[in-house]
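Just below is one structure, and these are the notes that go with it.
Just so it is clear: chains get the letters A, B, ... in the order the sequence lines come, proteins before strands, and each one is counted from 1. Since the structure is predicted, the reported quantities are computational estimates derived from the model, not experimental observations.
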Amino acid sequence: MVEKKEKLGIFQILNYSGFALFTLLCIFPFYYLFINTISNNDLSSRGLVLFYPIDVHFTNYMDVFKLPGLGLAAFVSLSRTVIGTALTVFASAFLGYLFTKNEMWGRKFWYRFLMISMYFNAGLIPWYLTMLNLGLVNNFLAYILPAIVSPFFIILVKTFIEATPISLQESAQIDGAGYVVIFAKIILPLSMPILATIAIFAAVGQWNSFTDTLFLVTDQKLFSLQFILYRYMNEATSLAQLMKQMSGSANMDLANMATPTSIRTTVSMVVVTPILLVYPFFQRFFVKGIMIGAVKG
Amino acid sequence: MNNIKPGQVSRLHTRLDRSLLSRDKYKLFLMALPFLALAFVFSYLPLYGWIYAFYDYRPGIPLKDSEYMGFYWFTSMFSNDVRRQEIVRVLTNTFAMSGLSLLTSVLPVAFAIFLTEIRSTFFKRMVQTLTTLPNFISWVLVYSFAFMLFSVDNGFLNNVLLNLGLIDRPMNILASDSNTWLAMTLWSVWKTLGWSAIMYIAAITGIDQELYEAAKVDGAGRFRLMWHITVPGIMPTFFVLLLLSIANFINNGFEQFYVFQNAINMGRIEVLDLYVYNIGMMNSNFSFSTAVSLLKSIVSIVLLFAANHLSKLFRGENII
């Protein structure tokens, strides 16, 4: 018996330490970038801020918004996230509801029509030329329109509505309510949990989207925050010179002057902060979403 | 409405239903139409662009003025030496990294099995929350992490190792073509492991607890319980996900490889999706790029149907 208990102990210790180690690996990069944004810029650019912040200051967060284009990019990213998410959630809810209606003309066909589109794509160039012909190159709508109809989200809503009692809809129908009224008064409030899940998925997708800017946008006014970050990763040296010119040589604290490292880390933190802020509250929804998707998708 | 008897209500109900059915059949369709049109425009309309694969199309010149090439671009993948070498290299990279990701697909299973052995709920929840986080950040940000941690100029790892005296010169980990496949696989494991484990954790929660009790009575130890009860219990979930990853064998994505690419690792990191971008958007060879993605789409559809067929054969259920 004693032997067995000891064995269990070793297993548990190894198990706990294994998970502790991997968890640490997952969050250390976030922590490392953060301590570098608030430490002495001279030290951080020489890679001397390793485990804890040194000479804490917050000027980097003020300075980076002086970078040309960053404020605008934040606005573009925020707009596409808000508008895109709202439209995607509405479309998914409405279509998901319509597809629960057996009486819809050609329901099976149209449902399959949407689902098949999940499993193939024409390829980058045909897609790009289509977008070009539609006038969606260098157009803010390119961030919004293609994302509105998402088969995966439609499955989620449809599955969810099908699991709710039909009697609610029926009694409203007898009272003379049409589809739109039933959707607005009954379906929407009823499916809030799944719509919240979709909203989070859609918002994270919009905020993190990088390739659509890369493929479709050359107009600097439409650059997203992710794209700006990517460019700063590759051009930070020239940016740092720009910063020096901008701030001038007068009363500038040399130790905390912008460096390529300070720009990269601070912009990274600006990009990730919204995710970190909403994440703890919505983690449950993420989990719920993937589970429903797993069952039906 | 107050004077109507129950029987009348149901008659009224069915009459209402029938009239609604015939009238609203099209109304429902018309309400869905704008959205179906969007799906058509963005998912089906681009298929028309496959026609560019049969012409020598150049941006700015209309298709009718472009030279018709027949299957030239397709045959040139094999007949043209330079193209053939490129294709072989790109396919090698694609297969290698997809193969590695198939191998690592057992990691979330192990993660889930061992996490359920943890007794402290607080610790378990903590691990789950924090290991899922990387799934929700963009690849650009992952690259930013990689740059800060592994850069040759004062990156974290190099400075720590230099301080400890374990190396004399900083290693250039990011700009190196050795172990590129492994590095890319590890980054994707780092990003997705916690997230992918969620489904298995749920599957384990669904296993009948009595099975464990019975096996314990029979004297089974921890590892026997895992192997004979937990593993078979989550096998169906694993099987579906495995089939899906087989269906996606040649779609290993674009963003990760795009952000991590550089002049030195290009030979090892260029997968099909990146290749299509590089020859199409960077070198403006629209027609050849379209030919490659046309073949790629066809192969993925074939793989998908094959995976679906396997699923029907073994589970009696479709995955699509």
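- With a threshold of 4.5 angstrom between heavy atoms, T129(B) approaches chain A through its backbone and through its side chain.
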- Derivation and outcome, side chain to side chain contact (heavy atoms under 4.5 Å, CB included), residues L134(A) and F42(B): CA-CA 10 Å; L134(A) 292 169; F42(B) 293 112; 4.1 Å; yes
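- Not a single donor-acceptor pair under 3.5 Å links the side chain of Q12(A) to the backbone N or O of R119(B).
- Using a 4.5 Å heavy-atom threshold, the side chains of Y277(B) and L214(A) count as touching.
- For the atom pair CG (N154(B)) and OG1 (T261(A)), the distance works out to 7.5 Å, reported to the nearest 0.5 Å.
- Contacts between I118(B) and chain A at a heavy-atom distance below 4.5 Å involve backbone atoms as well as side-chain atoms.
- To the nearest 0.5 angstrom, L33(B) atom CG is 11.5 Å from L98(A) atom CG.
- Contacts with chain A were tallied for V276(B), I301(B), V259(B); V259(B) has the most, counting heavy-atom pairs under 4.5 Å.
- Side-chain contact check for W139(B) versus F210(A): every heavy-atom pair is 4.5 Å or farther apart.
- Between Y44(B) and F120(A), the two ring planes are perpendicular [angle over 60°; tilted spans 30° to 60°].
- Interface residue V271(A): only side-chain heavy atoms are found under 4.5 Å from chain B.
- When all heavy atoms are compared, the tightest approach of S144(B) to M233(A) is CA-CE, 3.6 Å.
- Counting only heavy atoms from C-beta outward, the side chains of F11(A) and F114(B) approach each other to under 4.5 Å.
- There is no contact between F288(B) and chain A, counting heavy-atom distances below 4.5 Å.
- The candidate with the highest count of non-hydrogen atom pairs below 4.5 Å against chain B, out of L145(A), L136(A), N121(A), is L145(A).
- Of all the listed residues (R46(A), K101(A), M118(A)), the one sharing the greatest number of non-hydrogen pairs under 4.5 Å with chain B is R46(A).
- The choice from F99(A), W127(A), F22(A), F227(A) that makes the most heavy-atom pairs within less than 4.5 Å of chain B is F22(A).
- With values rounded to the nearest 0.5 angstrom, R222(B) atom CZ is found 7.5 Å from N15(A) atom CG.
- Looking at S209(A), neither its backbone nor its side chain comes within 4.5 Å of chain B, counting heavy atoms on both sides.
- Of the atoms belonging to Y48(B), not a single heavy atom falls under 4.5 Å from chain A.
- In this structure, W50(B) contributes its side chain and A122(A) its backbone to a donor-acceptor pair below 3.5 Å.
- Between Y32(A) and F145(B), the closest side-chain pair of non-hydrogen atoms is not below 4.5 Å.
- Here P146(A) is the residue among P146(A), S117(A), G123(A) with the most heavy-atom pairs under 4.5 Å with chain B.
- Once rounded to the nearest 0.5 Å, the distance linking OH of Y128(A) with CE of M281(B) reads 5.0 Å.
- Among L115(B), L294(B), L30(B), the residue with the largest count of heavy-atom pairs under 4.5 Å with chain A is L115(B).
- When each of K27(B), M148(B), K191(B) is scored by its heavy-atom pairs under 4.5 Å with chain A, the top score falls to M148(B).
- In terms of non-hydrogen atom pairs under 4.5 Å with chain A, the most contact-rich of N158(B), L241(B), V292(B), L193(B) is L193(B).
- I154(A) places none of its side-chain heavy atoms less than 4.5 Å from the side chain of F35(B).
- When heavy atoms are compared at a cutoff of 4.5 Å, L24(A) does not approach chain B at all.
- Among P34(B), S293(B), A32(B), P46(B), the residue making the largest number of heavy-atom pairs under 4.5 Å with chain A is P46(B).
- Here the straight-line distance linking atom OH of Y179(A) with atom CG of L28(B) works out to 4.0 Å at 0.5 Å rounding.
- The number of heavy-atom neighbours closer than 6.0 Å to OH of Y31(A), taken from other residues, nucleotides and ligands shown, is above 12.
- Using a 4.5 Å cut-off between heavy atoms, N163(B) touches chain A through its side chain atoms alone.
- In this structure, the portions of L130(B) lying under 4.5 Å from any heavy atom of chain A include both its backbone and its side chain.
- Proximity to chain A (any heavy atom under 4.5 Å) is shown, for V240(B), by neither the backbone nor the side chain.
- Annotation for V140(B) and Q226(A): closest pair CG1-O, 3.7 Å, computed over non-hydrogen atoms.
- For L133(B), the side chain to side chain contact (heavy atoms under 4.5 Å, CB included) test picks out F30(A), L276(A), Y279(A), with sequence neighbours left out.
- The contact between M131(A) and chain B is made entirely by side chain atoms (from C-beta outward), counting heavy-atom distances below 4.5 Å.
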- Please report the C-alpha distance between F28(A) and F156(B) in whole Å, then the side-chain angles of each, then the deciding distance to 0.1 Å, and finally whether the ring pair (Phe, Tyr, Trp, His ring centres under 6.0 Å) criterion is met. CA-CA 11 Å; F28(A) 183 73; F156(B) 171 81; 4.9 Å; yes
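- The backbone N or O of L25(A) sits less than 3.5 Å from a side-chain atom of W190(B), completing a donor-acceptor pair.
- Counting heavy-atom pairs under 4.5 Å between each of N208(A), L33(A), V149(A) and chain B puts N208(A) at the top.
- Looking at F111(B), the atoms closer than 4.5 Å to chain A (heavy atoms on both sides) sit in the backbone and in the side chain alike.
- Of the atoms belonging to S120(B), heavy atoms from both backbone and side chain fall under 4.5 Å from chain A.
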- Message: Walk me through whether Y119(A) and F305(B) qualify under side chain to side chain contact (heavy atoms under 4.5 Å, CB included).
- Response: CA-CA 10 Å; Y119(A) 294 105; F305(B) 278 110; over 6 Å; no
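- Residue F90(A) touches chain B through its side chain alone, counting heavy-atom pairs closer than 4.5 Å.
- If you measure heavy-atom distances from V180(A) to chain B, the contacts under 4.5 Å come from the side chain alone.
- By the 4.5 Å heavy-atom criterion applied to side chains, F19(A) and T131(B) are not counted as neighbours.
- Of the residues considered (F51(A), W207(A), F215(A)), F215(A) shows the highest number of contacts with chain B, using heavy-atom pairs under 4.5 Å.
- Judged by distance alone, the side chain of N159(B) and the main-chain N or O of L50(A) form no donor-acceptor pair under 3.5 Å.
- Between T23(A) and M126(B), the closest side-chain pair of non-hydrogen atoms is not below 4.5 Å.
- Atom-to-atom distance recorded for F147(B):CZ and T265(A):OG1 is 11.0 Å, nearest 0.5 angstrom.
- When heavy atoms are compared at a cutoff of 4.5 Å, I201(B) does not approach chain A at all.
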